[in-house]
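Single-structure report; data block below.
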2 protein chains.
Amino acid sequence: MDETATSNPVTHQLTSEHRRLLDEVLDKWSLQVLDTLCEQPQRFNELRRAIPVITQKSLTATLRRLERNGMIERIIISTRPVAVEYRIAALGRTLQDLIDALWQWTASTLPEVQAARDRFDEEN
Amino acid sequence: MDETATSNPVTHQLTSEHRRLLDEVLDKWSLQVLDTLCEQPQRFNELRRAIPVITQKSLTATLRRLERNGMIERIIISTRPVAVEYRIAALGRTLQDLIDALWQWTASTLPEVQAARDRFDEEN
DNA sequence: CAGTATCCCCTACGATACTG
DNA sequence: CAGTATCGTAGGGGATACTG
C-alpha cells in the first residue's frame, strides 16, 4: 500500500500534519487508553478503574479524540441506563505494536535514563 | 539484553515513571530534534534552520530535557565565539528505530485518519 | 452508568528583547 | 554564535458538582 518511506531514512516528509497526528495519538493518556482497549473492549467506568489516576474529563476528552481520529469505536447499547462500549478500531490496531515497543523501550531504558538524570542534576 | 517483556503483551508495569519518560522524550519537538541529530551532529543554529518553526526558547528547553535524560550530548568547543555541538547519545540511538516507525506510521495512516475525522465531524 | 458543566490553575509555548 | 530574560496568552488538565 505504501512504498513511500520504505528505504528513505533521511528525507522524511515531516509536515505539521504528521506531527499533530502523533500529538493527538501519543498524548498524555492516549497510550494507556489504547493499551487497555487493545486487550479487550471496555465500558467507560471500566476504563476509569483500569486507569485510576485519570479524571472523567480527561478520559472523555481522550476517548473523543481517539474516536475522531479513527483509533477507537464508540458503541452505544440502548439499555435503560444506557451502556457504552469502547473498542479498538482497525486503525488503532495498527498502532499496537508501536505502543508495545514504546513501553518496552521505557522499561528497558528507565534505569539508564535515571542515572543520566542524576549525573545531569548533580553537575548542575 | 532485555528479555523482560518479551512475551508479556498484557501485564505492563506502567508506572507513572514510564509514562513520564515517554512524555519527556516524545513531546512536541523532541521527535524532530532527535530525528535531525540521528542523521548527524548539529550546532544550535543548524538545528534552528533544520526545524524552522521552533523558537529559540523551545529548542533550548527541548535540548536541555533530552540532554538531561541522556538522549543527546552537548559538546562545547572553546573557540572565541563559543561553538556548541549536539549529537545523539547511545541512549538516544536506541530510540531511532522507534522514531522512524512512528513517522512511517503517520505517513501511511494519515489519509485514513483524515477520512475518519471528516466522518466524525460531519456526524457531529 | 456515562457523561456535561464550571471554575481555576498552571505551564507550555510564542514573541520579543537582550548578552557573553 | 548560543543562548538567557521577561512578558503574555491559550488550553490542557484537576477538582467538584450536576444530569438523562
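Proteins come first, then strands; the chains are lettered A, B, ... in the order of their sequence lines, and each starts at number 1.
Rounding to whole angstrom units, CG of residue L59(B) and C1' of dC13(C) are separated by 13 Å. Rounding to whole angstrom units, CZ of residue R80(A) and P of dG3(C) are separated by 18 Å. For K57(B) and dA15(C), the NZ to P distance is 11 Å, given to the nearest whole Å. Atom CD1 of I77(A) is separated from atom P of dC1(C) by 13 Å (rounded to the nearest Å). For the pair Q42(B) CD and dC1(D) P, the computed distance is 14 Å after rounding to whole Å. Atom CG of L63(A) is separated from atom P of dG3(C) by 7 Å (rounded to the nearest Å).
For D23(A) and K28(B), the salt-bridge test fails: no basic side-chain N is under 4.0 Å from an acidic carboxylate O. Using a 4.0 Å cut-off between a side-chain N of Lys or Arg and a carboxylate O of Asp or Glu, E46(A) and R48(A) do not qualify as a salt bridge.
Taking the nucleotide of DNA chain D with the nearest heavy atom to each of R65(A) and P81(A), the more 5' of the two is matched to R65(A).
Listed nucleotides dA2(C), dG3(D), dA15(C) differ in distance to R43(A); the shortest reach to its side chain belongs to dA2(C). Closest contact between the side chain of S58(B) and the listed nucleotides dA2(C), dG14(C), dG3(C) involves dG14(C). Distances were taken from every side-chain heavy atom of D27(B) (C-beta onward) to each of dG13(D), dA2(D), dC13(C); the shortest belongs to dC13(C). For V84(A), counting side-chain heavy atoms from C-beta on, the closest listed nucleotide (dG14(D), dG14(C), dG3(C)) is dG3(C). For Q56(A), the side-chain atoms get nearest to dT4(C) when compared with the rest of dT4(C), dA15(D), dA15(C). Ranking dG3(D), dG3(C), dG14(D) by closeness to the W29(A) side chain, first place goes to dG14(D).
Note: Q42(A) CD to L63(A) CG = 10.5 Å, rounded to the nearest 0.5 Å.
dG20(C): Watson-Crick or G-U partner is dC1(D), with both key distances under 3.5 Å.
At the phosphate of dC1(C), neither OP1 nor OP2 sits under 4.0 Å from any side-chain N or O atom of Y86(A).
If you check every strand for non-hydrogen atoms under 4.0 Å, R48(A) touches nothing. The residue R64(B) sits close only to the backbone: its heavy atoms come under 4.0 Å of sugar-phosphate atoms, none of a base.
Taking the centre and axis of the six-membered ring of W29(A), the NZ or CZ atom of R65(A) falls outside the cone set by 45° and 6.0 Å.
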